Amino acid sequence: MAGRRPKGGGGGGMEGERPEEHQAFVALHGAALGASGVPPLYWERLRHKLENEVFDAGEFFGIMQVEEVEEEEDDNEEIEGELKKKPNPGNELCYKVIVTNENGLQAANPNSIFLIDHAWTYRVEHARQQLLHVPGLLHRMANLMGIDFHGEVADEGAIEQVLQEMWKYNQTYQLSQGTAEEKVPVWYIMDEFGSRIQHSDEPTFATAPLFYIPQQIAYTVLWPLRDLETGEEVTRDYAYGETDRLIRKCMLLPWAPTEVLDVNYSTPEPSEDHYQAILNKNKEKLPVAINPPVYDKNKIFKVYTDLPQILNNLKHPRFEFTEYEGEADILYNFSHFKDYRKLSEERPHVMLNQFPCEHLLTVKDCLASISRRVGGTEGPKWLPRTFNLHTELPQFISCFQQRERRGEDNHWICKPWNLARSLDTHITNNLHNIIRHRESSPKVVSKYIESPVLFHREDVGMVKFDIRYVVLLRSVKPLKLYAYDVFWLRFSNRAFSLDDLDDYEKHFTVMNYASGVTLKQVHYDEFIPLFEKQYPEYSWKTVQAEIFKAFAELFQAASAKPAPFGICDYPSSRAVYAIDLMLKWDTTRDGKRTMQPQVLEVNFNPDCDRACKYHPTFFNDVFSTLFLDETNNCHVTYVV
């Protein structure tokens with residue numbers, strides 16, 4: 001039985017169809033259908049099937065069970081080719097979908113488009129809970145994936161197997177509208193019919209997810225790429241759209257296991273073209289050269305800002321607010337500024353809270369790239385080993401497989417290039433999981449810190465913690481960087497161990513956005529004596545000196561080349577960044593244990609709510625340091 005039972009008949013005629021209905025459908029869905037490559041020939045019938053919930057695949061296709069016969073092969077290349085053709089490589093019970101309609105299927109027939117239902121739609125962080133609590137879900141998924149599970153009660157072993165195996169069945173889409181949370185990629189598993197369609201390098205069909213707006217429901221649409229006769233197999237390309245042989249091999253690894261140990265996993269810094277392309281994509285226009293503006297010693301600066309935290313907390317007598325952008329001396333905006341050229345030509349004296357090309361610090365793949373200027377192809381000691389999954393997939397797989405061979409820890413963390421607050425961030429030691437995550441939003445994968453320095457919480461035990469420093473970039477040439485003297489701490493809520501990788505409160509420290517979750521607060525001046533009591537041989541002063549050394553190296557690397565390959569040395573720019581970091585245990589050559597800072601991310605325009613609440617002079621100090629060059633009594637330390 002393929003797909004759900006037909007409702008409202010099969011192919012059928014199109015009595016009473018009105019052109020305006022079709023136009024409305026195309027207005028809503030045309031862009032998505034076009035982007036997915038669905039030929040317009042099928043759109044009208046697709047609309048009819050969606051509106052009337054016509055699932056007529058059963059009239060054209062059937063599922064066949066196939067027995068696998070292991071054949072001895074001499075040629076490695078041949079084995080690889082066979083694996084790609086073989087259904088469900090690795091599973092003994094296999095299925096194929098074939099054309100059963102006695103007339104076959106004609107690609108030119110406008111009715112040759114079919115709906116596939118989704119058996120399970122979820123976000124990765126909710127998968128375990130849903131398998132535990134949604135009636136019948138575990139049973140259905142275990143059956144679909146060929147996992148032995150007959151019990152009524154959710155069994156942890158079966159859940160674990162489904163969570164491992166599901167990466168062979170998962171597909172993904174993302175909503176383009178909504179909050180940051182709503183834009184987190186959605187994963188889904190097609191019903192038994194869709195999930196049985198096997199891979200081929202020369203597929204007979206194409207599939208694409210389609211979010212049907214009137215019903216707010218996602219389906220997969222299936223259409224033929226050529227005419228098919230009765231008995232021919234329905235296949236699709238699991239690495240659709242990718243032409244590079246090595247990348248295809250890497251993408252198909254979950255179904256056709258292979259080794260890429262011959263790929264050198266060192267990752268040099270990308271070419272200048274790479275940075276130029278990012279600049280173009282960001283639509284940022286670089287400024288012309290200007291002379292640094294000189295201001296009268298007692299000048300009162302007019303500030304234009306859309307940040308309530310500044311409007312409510314900046315009380316320094318040398319700054320006053322204006323509602324008119326045109327008369328401002330300082331623009332301090334929340335959103336990213338793009339046209340520096342126009343500003344530099346028309347109002348070079350206007351200072352602003354951003355640097356051209358600062359994305360090189362604040363976007364995670366760029367941060368990893370520029371950091372290689374310090375640590376070579378492996379990156380510096382203060383940054384976890386990081387790969388860009390979009391451009392460095394073979395190198396990552398080679399590194400993973402070589403670590404596996406050497407018996408080294410292989411826990412990694414997948415992060416989107418440009419989302420904060422741990423959204424869409426996943427910890428795993430499952431290679432298939434990481435490879436498939438590449439198909440959702442653009443991501444980096446970084447080595448997960450398996451031996452973090454922990455902090456003892458009386459109520460909980462030894463937990464992970466991270467530290468946030470606010471740094472003030474006064475200028476790039478010469479490089480002038482300050483750190484605010486107060487730093488902020490965030491703690492996990494459960495004792496750390498390298499298991500339960502989807503337990504948010506064990507592995508993550510960002511608790512202030514999760515509802516119903518305890519937020520543990522310890523102020524920096526309470527933390528330092530507690531830390532030194534727990535680690536008497538490590539003074540905080542020494543640890544902080546290492547942290548500042550890392551900051552200095554990071555900003556030296558970021559400004560080592562001219563824009564767009566480095567942060568632009570625009571004299572009217574100033575900026576505030578938050579750097580999140582952890583400490584990990586490392587061993588020196590002579591066997592001494594050390595605490596090594598690990599930079600996790602750099603944030604533009606950080607939330608300074610806590611800073612203002614506990615340190616009312618925070619923005620007075622920031623503005624005085626950045627715009628007046630006065631640092632006396634400003635609670636800042638010169639870093640470089």
Side-chain angles (χ1 to χ4, degrees), residues 268-280 282 284-293 336-338 340-341 343-344 348 351-377 379-383 386 417-418 469-484 545-581 597 599-606 622 625-627 629 631 636-640:
E269 188 186 346
S271 69
E272 293 193 342
D273 291 347
H274 175 80
Y275 294 112
Q276 190 65 54
I278 293 170
L279 181 78
N280 299 344
N282 286 347
E284 204 169 274
K285 291 180 183 166
L286 296 179
V288 297
I290 63 164
N291 293 318
H336 289 282
F337 195 79
K338 299 287 184 194
Y340 290 94
R341 186 182 305 149
L343 191 73
S344 63
M351 295 183 278
L352 72 167
N353 66 321
Q354 306 174 31
F355 278 83
C357 300
E358 65 187 5
H359 57 262
L360 296 175
L361 280 170
T362 59
V363 180
K364 295 179 189 76
D365 60 310
C366 297
L367 174 66
S369 302
I370 59 154
S371 298
R372 291 171 191 165
R373 295 170 189 173
V374 180
T377 58
K381 283 176 73 171
W382 41 258
L383 192 79
T386 299
W417 288 354
N418 209 4
Y469 277 88
V470 169
V471 297
L472 313 178
L473 182 58
R474 163 61 187 81
S475 62
V476 166
K477 280 196 174 146
L479 182 59
K480 268 192 188 176
L481 182 74
Y482 299 88
Y484 197 66
E546 281 300 310
I547 291 171
F548 287 179
K549 189 177 151 212
F551 292 172
E553 287 184 6
L554 169 59
F555 278 84
Q556 280 156 352
S559 57
K561 295 183 180 182
F565 323 115
I567 296 182
C568 181
D569 60 332
Y570 185 50
S572 289
S573 284
R574 316 279 189 270
V576 177
Y577 305 107
I579 303 181
D580 294 335
L581 65 107
V599 171
L600 305 177
E601 61 182 31
V602 180
N603 297 285
F604 158 75
N605 245 342
V622 166
T625 303
L626 290 181
F627 300 108
D629 281 323
T631 55
V636 294
T637 299
Y638 195 48
V639 175
V640 61

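Keep in mind it's a predicted model, so treat the numbers as computed, not measured. Residue indices begin at 1 and follow the sequence shown.
When side chains are defined from C-beta on, Glu284 does not count as touching His336, because their heavy atoms never get closer than 4.5 Å. The side-chain heavy atoms of Leu367 and Val602, taken from C-beta on, include a pair separated by under 4.5 Å. With a 4.5 Å cut-off on side-chain heavy atoms, Cys357 and Leu286 count as touching. Annotation: side chain of Val622 is not in contact with side chain of Val636 (no heavy-atom distance under 4.5 Å). Residues Leu626 and Leu473 fail the side-chain proximity criterion, which asks for heavy atoms closer than 4.5 Å. In this structure, Val576 and Val470 have side chains that are in contact, with non-hydrogen atoms separated by less than 4.5 Å. In this structure the side chain of Phe555 reaches within 4.5 angstrom of the side chain of Ile579, judged on heavy atoms. Side-chain contact between Leu383 and Leu554: absent, with no pair of heavy atoms (C-beta onward) separated by less than 4.5 Å.
A pairwise comparison of heavy atoms in Thr362 and Asn603 identifies CG2-C, 4.3 Å as the closest pair. When all heavy atoms of Val640 and Ala552 are compared, the closest pair comes out as CB-CB, 4.1 Å. Taking all atoms of both residues into account, the shortest heavy-atom contact from Ala558 to Leu361 is CB-CD2, 3.9 Å. Between Pro293 and Pro348, the closest heavy-atom pair is CG-O, 4.3 Å.
Put simply, CZ on Phe627 and CZ on Arg574 are 6.5 Å apart, with the number rounded to the nearest 0.5 Å. A distance of 6.0 Å separates NE2 in His359 from CG in Leu279, rounded to the nearest 0.5 Å. Taken to the nearest 0.5 Å, the NZ atom of Lys549 stands 7.5 Å off from the NZ atom of Lys381. Rounded to the nearest 0.5 Å, atoms CG (Asp273) and CD1 (Ile278) are 11.5 Å apart. The distance from atom CD1 of Ile547 to atom CG of Leu581, rounded to the nearest 0.5 Å, is 5.0 Å. For the atom pair CZ (Arg373) and OG (Ser559), the distance works out to 9.0 Å, reported to the nearest 0.5 Å.
Under a 3.5 Å cut-off, the side chain of Ser369 and the backbone N or O of Glu269 do not form any donor-acceptor pair. In this structure a side-chain-to-backbone donor-acceptor pair under 3.5 Å is present from Lys338 to Asn282. In this structure a side-chain-to-backbone donor-acceptor pair under 3.5 Å is present from Ser344 to Val288. In terms of modelled atom types and a separation under 3.5 Å, the side chain of Arg474 and the main chain of Lys480 share no donor-acceptor contact.
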For this session: Please test Tyr577 against Phe355 for side-chain contact (heavy atoms from CB on, under 4.5 Å), starting from the C-alpha separation and ending with a verdict.
Result: CA-CA 11 Å; Tyr577 305 107; Phe355 278 83; 3.9 Å; yes

Exercise. Going through the distances and angles, do Tyr484 and Thr625 end up as a side-chain contact (heavy atoms from CB on, under 4.5 Å)?
Worked result: CA-CA 10 Å; Tyr484 197 66; Thr625 303; over 6 Å; no

Show every donor-acceptor pair shorter than 3.5 Å between a side-chain atom in residues 561-571 and any protein atom, with sequence neighbours excluded, or say none if there are none.
none

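For Asn291, the CG atom sits in a loose shell: 12 or fewer heavy atoms of surrounding residues, nucleotides or ligands are nearer than 6.0 Å.
The side chain to side chain contact (heavy atoms under 4.5 Å, CB included) test with Tyr482 is passed by exactly one of Leu472, Val639, Thr637: Leu472. Tested against Phe548 for a ring pair (Phe, Tyr, Trp, His ring centres under 6.0 Å), the candidates Tyr469, Trp382, Tyr638 yield a single pass: Tyr469.
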